[in-house]
Protein chains: 2
Amino acid sequence: MSKELNQDTEEIQIYLKHIKQVCSELTEEELAKFSEKLTVTYLAKNDIYITSGQIQKQGGYLVKGLIRAFHTDDFANEKNIYFIPENEYTFHYASFMDKKPSPLTFQCLEPSIVVNFPMEHLHTAYLQIPKFEKYGRLIVEAKLKVQQERLESLLFQNAEQRYFDFVNQYPQLFNRINVSQLCSYLGVERQTLTRIRKKLSRVK
Amino acid sequence: MSKELNQDTEEIQIYLKHIKQVCSELTEEELAKFSEKLTVTYLAKNDIYITSGQIQKQGGYLVKGLIRAFHTDDFANEKNIYFIPENEYTFHYASFMDKKPSPLTFQCLEPSIVVNFPMEHLHTAYLQIPKFEKYGRLIVEAKLKVQQERLESLLFQNAEQRYFDFVNQYPQLFNRINVSQLCSYLGVERQTLTRIRKKLSRVK
DNA sequence: TTCGTCCTGACACATTTGTGCCAAAATCAT
DNA sequence: ATGATTTTGGCACAAATGTGTCAGGACGAA
């Protein structure tokens, strides 16, 4: 894992472009100001970005690659809770906001590039750039929406429907994740997912 | 279900007090301005506040009572997805934000009182009262935190642990909800919850 | 009180899911 | 290309969960 200071890289431009897209009211100066303390991290496949138990002092935005966030139980079994593809924030929201240790480990499934901002930098931005509050609200709203849909699907759909939906909703993501990684995300064991796949392949 | 216009009732004061508590920067004038278009709804036990399939034109804040939000499947089976106790917003965030039909029905488990605000009123507040953006962000962040914890508990805890946690985390809520209502919230059938209760009662 | 309704725990049985293991197939690095 | 590693599907068996039903008890309304 190598890290370098902001040298106005291509990666940082991608991140700023995303911010502008979500909240067009932000001016170039404001964005330039925000970009000052950003850093970039380059990660290889299987590299760990956040270790569980560790307090996240900075937030990260995934510019390129794919990361899985998993929980480890008492018997060292891993369960994938989230997959983070490019153009999403890659940290544990709940624990990040409360400055508590992350319950999950974030590991690269592909070589990845992350743009980082220190926690205090975010708070400074909220205070100094009023319009940044709006950006924050929109990001969190979007995240809440996705989480809510996933939570509800876990409660009122069965594993077969969830698999079917995942394949159709995120076909490009599905093709980058293997069955072993996918099963815990869907809330079942690998053998069950195998059975589901078998059943669905007969039908179509 | 009876509704009346804002007459600066006690209920509205409770709601405004909550807003002030979350975002103390908001002035009395700003709050007074926001309170103008609020209405109050009084609901009896079993009354429906939101019917699934219906677009929510206004948001509601539950001042008193208890509401369940449930999903109905093709065979008319109901599954409770959320319980909303007093001092929480009572609408479906994801669909409300997108002006889409609510996938859930909101029904009172107890006599309830809701303070309502029209959707446009919220957007106006965001535009006219900059500090309101912060309030919005904080509310959504808090909601996201709760949702995220619940989603994760569904993925890496078993039903027994979820039941145990629920009883300990929300003892006052637990005492107001019966087993039949609780089971789908925890993601299991009633029979399974009965087994869990039986097992736990032997242990303690 | 009395009636009716709702809630709960229980049971038997069917079905689904999990566990542990193995071998074939695919993938990766050298 | 070759060997090592990972991924996958399959099997047998165990365990957990769901389904349908029932009766006793709690609760509320008249």
B:Asn77 CG to D:dT19 C1', straight-line distance once rounded to whole Å: 11 Å
Integer-rounded Å distance: D:dG28 P and B:Asn46 CG: 13 Å
Polar side chain donor-acceptor pair, B:His92 to A:Glu152, under 3.5 angstrom: yes
Gap between atoms CG and P, on A:Leu155 and D:dT17 respectively (whole Å): 15 Å
Euclidean distance, atom CD of residue A:Glu110 to atom P of C:dT27 [Å, nearest integer]: 15 Å
Residue pair B:Tyr15 / B:Asn116, side-chain donor-acceptor N/O under 3.5 Å: no
Protein-nucleotide distance (A:Lys45, atom NZ; C:dC28, atom C1'), rounded to Å: 8 Å
Under 3.5 Å side-chain donor-acceptor pair for A:Glu133 and B:Tyr126: no
Any residue of residues 158-189 of chain B with a heavy atom less than 4.0 Å from an atom of DNA chain C: B:Asn178, B:Val179, B:Ser180
Between A:Gln157 and A:Arg162: side-chain donor-acceptor atoms closer than 3.5 Å: no
Side-chain heavy-atom pair A:Ser95, A:Pro103 within 4.5 angstrom cut-off: yes
Rounded distance (Å) that lies between atom C1' of C:dG20 and atom CZ of A:Phe75: 16 Å
Scan nucleotides 10-13 of chain D against the protein and return all N/O pairs shorter than 3.5 Å with their distances rounded to 0.1 Å.
from: D:dC11; atom 1: N4; to: A:Gln191; atom 2: OE1; distance (Å): 2.0

Ring geometry between B:Phe91 and B:Phe96 (parallel below 30°, tilted from 30 to 60°, perpendicular above 60°): tilted
Contacts of type side chain to side chain contact (heavy atoms under 4.5 Å, CB included), residue A:Lys131, not counting sequence neighbours: A:Glu25, A:Leu26, A:Thr27, A:Glu30
Distance-only side-chain donor-acceptor flag, B:Gln56 / B:Tyr93, under 3.5 Å: no
Rounded interatomic separation in angstrom, taking CZ from A:Arg197 and C1' from C:dA25: 14 Å
